[in-house]
Amino acid sequence: MILVNNPGEWGAKHQYDVLRHAEWHGCTPTDLVFPTFLFCAGVAIVPALQKKLASGAPRAPLALAIGKRALWLVLLGLFVASFPLVTFEAGKDLFDRVYNVRFPGVLQRIGVCYAFAALLFLFTSARTQTRVLLGCLFGHWALLTLAPVPGVGPQDLAGPMTTLQGWLDRAAFGDHIWVKGKYDPEGLLSTLSAVATALFGVLCGRVLAAGGAPRDKAGDLLRLGAWWLLAGAVWSWFLPINKPLWTPSYAVWTAGIAASGLGLCVWLFEHRGFARFAHPLRVYGQNALLVFVGSAVVARTVGRLVTVTTDAGTVSLQKWFFTNCLLGPIGDPKLASLAFGLVWISGWYVVLAALYRRGIVWRV
């Protein structure tokens with residue numbers, strides 16, 4: 001996610017296709033990042049709560065802690081959306097900048113989906129959680145295909161203006177959305193299938209928490225992943241795989257890939273004993289929230305606030321570094337943009353590795 005969010009320059013000219021989202025229908029490797037992140041949040045719910053429940057901890061304080069954490073995630077998401085609280089547009093003042101903040105977002109969605117999945121794990125059985133998962137998927141499917149769009153009529157999923165999700169986002173948030181006047185990829189309606197993504201993670205978390213050898217757990221996860229991949233592929237014949245709409249077919253398809261990836265990790269790192277190769281993943285994973293928020297804040301600081309004066313005028317520090325230190329020597333705009341992203345994640349790795357050695361973890 002950090003690599004995708006920090007190219008040297010945006011646009012098809014500067015980015016390889018695999019590092020760009022699908023325009024509408026379809027699924028690129030980049031479209032796998034967010035659902036996998038949300039899937040992993042669901043997996044982590046099981047070890048975080050299962051031991052506490054087994055020890056007899058009362059549920060009310062745990063539910064309160066879940067609510068507080070979800071609220072903090074939402075507030076952090078709004079902070080990231082509003083940073084920096086200054087404007088660079090002529091005629092815009094501070095009030096305009098804050099007033100036009102995007103309300104939905106990645107951290108907001110993670111907070112909401114985490115809260116739903118964690119509370120369900122806390123208060124319901126595995127069977128009920130599976131029923132809710134299926135209800136989210138099929139309920140969302142029905143709303144996407146059967147419900148009419150006010151002022152439009154029957155839905156047409158070919159574009160955002162003729163979908164119920166687009167209408168609902170515009171009605172609920174006005175211009176406080178990602179694509180003003182159209183839709184938000186983290187909007188209200190698509191949260192149904194996003195909750196299902198988190199619950200897929202909970203199901204796999206239960207597999208990891210069950211007794212048995214790592215090889216058996218890896219096999220169970222790989223089988224689940226294969227079935228979900230098949231189900232998602234078949235469903236896509238009737239409902240396109242689409243990240244902006246987070247269609248149920250997309251949720252099932254990406255859950256299959258995430259479960260398969262998790263199974264391969266268990267097989268490689270736990271069964272085969274190559275745990276040392278997972279060290280970079282541990283370094284990033286231990287402070288995933290810190291690097292997500294920190295990367296966004298630092299990127300906007302060097303990309304907007306810190307400037308360099310050149311013969312051609314004043315440019316941001318980010319643009320100056322990319323143009324003079326990477327694009328000039330490398331020449332190829334796509335390769336130079338990728339190099340900037342790799343420098344970015346390497347720099348953050350140095351910071352996170354120092355925190356890892358000291359056992360410093362930022363939690364909410």
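- Atom CG of L32 sits about 10.5 Å away from atom NZ of K243, to the nearest 0.5 Å.
- Using cut-offs of 30° and 60° on the angle between ring planes, the pair W344 and F340 is parallel.
- Side chains of T197 and W246: a donor-acceptor N/O pair is present below 3.5 angstrom, by distance only.
- A donor atom on one side chain and an acceptor atom on the other are found under 3.5 Å apart for Q129 and R206.
- No cation-pi contact links R20 to W10, judged by a cut-off of 6.0 Å to the six-membered ring centre and 45° from its axis.
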**OP:** Start with the C-alpha gap between D220 and R223, add the side-chain angles, then the distance that decides, and say whether salt bridge (charged side-chain N to carboxylate O under 4.0 Å, His left out) holds.
**Re:** CA-CA 5 Å; D220 290 341; R223 280 188 288 274; 2.7 Å; yes
**OP:** Start with the C-alpha distance between T191 and R109, add both sets of side-chain angles, then the distance that settles side-chain hydrogen bond (donor to acceptor under 3.5 Å, both in side chains), and finish with yes or no.
**Re:** CA-CA 7 Å; T191 303; R109 168 156 288 180; 3.2 Å; yes
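- Separating the OH atom in Y183 from the CD1 atom in I177 is a distance of 9.5 Å, to the nearest 0.5 Å.
- When the side chains of ILVMFWY residues are joined at heavy-atom separations under 4.5 Å, either directly or via intervening members, M161 and L189 end up in two distinct hydrophobic clusters.
- Note on ring orientation: taking the six-membered ring where Trp is involved, the planes of F322 and H14 are perpendicular (angle over 60°, cut-offs 30° and 60°).
- Residues F173 and L78 are members of one and the same hydrophobic cluster, defined by side-chain heavy-atom contacts under 4.5 angstrom among Ile, Leu, Val, Met, Phe, Trp and Tyr.
- In this structure, the separation between OG1 on T162 and CG on D156 is 4.0 Å, given to the nearest 0.5 Å.
- Aromatic rings from W141 and W235 are positioned such that their centres are separated by under 6.0 Å.
- Looking at heavy atoms from C-beta onward, V33 lies out of side-chain contact with L3 at the 4.5 angstrom threshold.
- Atom NE2 of H25 and atom OG of S249 lie 9.5 Å apart (nearest 0.5 Å).
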**OP:** Check step by step if salt bridge (charged side-chain N to carboxylate O under 4.0 Å, His left out) holds for R102 and E186.
**Re:** CA-CA 10 Å; R102 176 194 177 200; E186 280 76 58; 2.6 Å; yes
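- One finds the CG atom of L143 at 11.0 Å from the CD atom of Q165 (value rounded to the nearest 0.5 Å).
- A 4.5 Å side-chain heavy-atom check between V207 and L224 finds at least one atom pair inside the cut-off.
- Residue D17 qualifies as open at atom CG: its count of foreign heavy atoms under 6.0 Å is 12 or below.
- Judged by distance alone, with hydrogens and angles left aside, the side-chain atoms of S295 form no donor-acceptor pair with the main-chain N or O of F292 at under 3.5 Å.
- Just one residue in the list V74, L75, L73 forms a side-chain contact (heavy atoms from CB on, under 4.5 Å) with Q108, and that residue is V74.
- Of the residues T30, D31, T28, the one that meets the side-chain hydrogen bond (donor to acceptor under 3.5 Å, both in side chains) test with H21 is D31.
- One finds no salt bridge joining K334 and E9 here, because no Lys/Arg side-chain nitrogen approaches an Asp/Glu carboxylate oxygen to under 4.0 Å.
- Side-chain contact between K217 and P214 is absent, with no heavy atoms from C-beta onward closer than 4.5 Å.
- Using modelled atom types, no side-chain atom of R170 and backbone atom of D175 make a donor-acceptor pair closer than 3.5 Å.
- Q286 contributes atom CD, which lies 13.0 Å from atom CG of L281 (distance to the nearest 0.5 angstrom).
- Hydrophobic clustering, with ILVMFWY side chains joined whenever heavy atoms are under 4.5 angstrom apart, groups L188 together with V152.
- For Y356, the ring-ring contact (aromatic ring centres under 6.0 Å, His included) criterion is met by H279, not counting sequence neighbours.
- Panel note: side chain S337, backbone P333; no donor-acceptor pair is recorded below 3.5 Å.
- A 4.5 Å side-chain heavy-atom check between W228 and C204 finds at least one atom pair inside the cut-off.
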